[in-house]
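Working notes for the structure below.
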Amino acid sequence: MMVFGSSLALVAVGSALHALWNVLVKRSGTSDVTFVWVYSAIAAPLWLGVLGAAALTTGLGPAWWAALVSTALHTAYAAVLQRAYSAVEMSVVYPVSRGLAPVLVTLAAAPWAGTPSAMQVAALPAVMVGVQALALMAVLIGVVPASGITWRSLGQARGFWAGSAVASCTAAYTLWDAFAVAHLHVSVIPYMALSSVAQLALLTAVLVRRRRELPAALTAGWARAVPIAVLVPTSYALVLLAMRLGPPSVVATSRCLNVVFGVIAGVWLLREPFTRRSALGVAMIVVGVLLGAG
């Protein structure tokens with residue numbers, strides 16, 4: 001219980017920071033992946049220094065290649081998020097993406113969890129299994145009203161599908177990074193450093209035909225990008241550390257606390273609407289978080 005408590009505390013702080021940098025991405029007002037390149041470029045010198053220090057001291061370890069897989073997943077997430085926020089309000093995208101991600105993580109991880117032993121079954125009463133199922137159900141049902149849409153308009157709701165795309169990317173990198181930390185035993189800081197440097201290289205390759213635009217984009221966007229460059233790795237480093245203390249499904253469910261901070265930030269900082277239906281949906285998600293992490 002103490003371990004899960006520490007994991008939840010790390011995720012809570014990371015969630016607040018995550019919501020804050022999402023507000024800043026929303027405020028950037030662009031769908032152009034060039035802005036992702038800008039805040040990646042700003043953070044690159046620091047990560048290069050960390051990477052160099054790690055290479056000279058402890059080394060990157062045999063699982064250094066795992067960071068390159070993480071690079072592809074995180075870059076896809078950043079690009080999809082940038083596009084989603086340019087088209088839909090944060091108060092719609094955020095609850096959907098943060099609510100659906102743990103459901104996707106749990107469903108994807110289930111086939112790999114294996115059949116529990118007799119001892120595990122005895123240690124985990126059926127009521128606990130039921131509570132976990134109820135937690136996921138509460139989150140899943142709460143996503144729709146939290147996003148401000150109705151069940152009838154679900155099929156035509158652009159925000160729901162944009163949030164679902166973000167959730168898919170989130171689930172993908174959560175599963176991979178949890179595997180890298182828990183099973184490949186990568187060191188968190190060198191892992192993040194290599195992934196971040198590789199992200200800049202990947203984005204530079206993607207934008208090679210627009211390379212003449214990049215210096216101007218850096219000059220114009222650096223002030224907006226600096227806080228994001230700091231908050232993105234800080235918030236996720238806390239999550240990676242939490243993954244050492246709890247299973248990915250619990251960590252992912254706890255990260256739904258992002259919804260609370262995200263809604264508060266959207267209403268307070270972005271002046272976005274918040275209805276009674278939205279409040280009900282957020283409450284259901286919070287209940288799911290507490291049940292799943294309890």
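Throughout, numbering of the chain's residues begins at 1 and tracks the sequence.
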Problem set entry | side-chain hydrogen bond (donor to acceptor under 3.5 Å, both in side chains) between Gln199 and Thr71, intermediate numbers included | CA-CA 5 Å; Gln199 176 170 289; Thr71 297; over 6 Å; no
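- The two atoms that bring Tyr39 and Ala229 nearest to each other are O-CB, 3.5 Å, heavy atoms only.
- Cluster membership for Phe179 and Leu73, using ILVMFWY side-chain heavy atoms within less than 4.5 angstrom, is shared.
- Centroid-to-centroid, the aromatic rings of Trp176 and Tyr173 stay 6.0 Å apart or farther.
- Applying the salt bridge (Lys or Arg N to Asp or Glu O under 4.0 Å) test to Glu89 and every residue at least two apart in sequence or in another chain returns nothing.
- Residue Leu200 is not grouped with residue Val206 when hydrophobic side chains (ILVMFWY) are merged at heavy-atom distances under 4.5 angstrom, including chains of intermediate members.
- Residues His74 and Tyr236 place their aromatic rings such that the two centres sit under 6.0 Å apart.
- For Arg27, the salt bridge (Lys or Arg N to Asp or Glu O under 4.0 Å) criterion is met by no residue, not counting sequence neighbours.
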Exercise. After noting the C-alpha distance and the side-chain angles of Arg98 and Ser15, does the key distance pass the side-chain hydrogen bond (donor to acceptor under 3.5 Å, both in side chains) rule?
Worked result: CA-CA 10 Å; Arg98 292 292 108 187; Ser15 295; over 6 Å; no
For this session: Apply the test side-chain hydrogen bond (donor to acceptor under 3.5 Å, both in side chains) to residues Gln82 and Ser28: give CA-CA distance (whole Å), side-chain angles for both, the deciding distance (0.1 Å), then the verdict.
Result: CA-CA 9 Å; Gln82 194 76 37; Ser28 70; 3.0 Å; yes
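- A continuous path of ILVMFWY side-chain contacts below 4.5 Å connects Val69 to Trp64, so both sit in one hydrophobic cluster.
- In the hydrophobic clustering of ILVMFWY residues, with side-chain heavy atoms under 4.5 Å counting as a link, Leu241 and Leu194 come out together.
- In the hydrophobic clustering of this structure, Leu17 groups with Val188; members are Ile, Leu, Val, Met, Phe, Trp, Tyr whose side-chain heavy atoms approach within less than 4.5 Å, directly or through other members.
- Put simply, the side chain of Ser235 reaches to within 4.5 Å of the side chain of Trp21, judged on heavy atoms.
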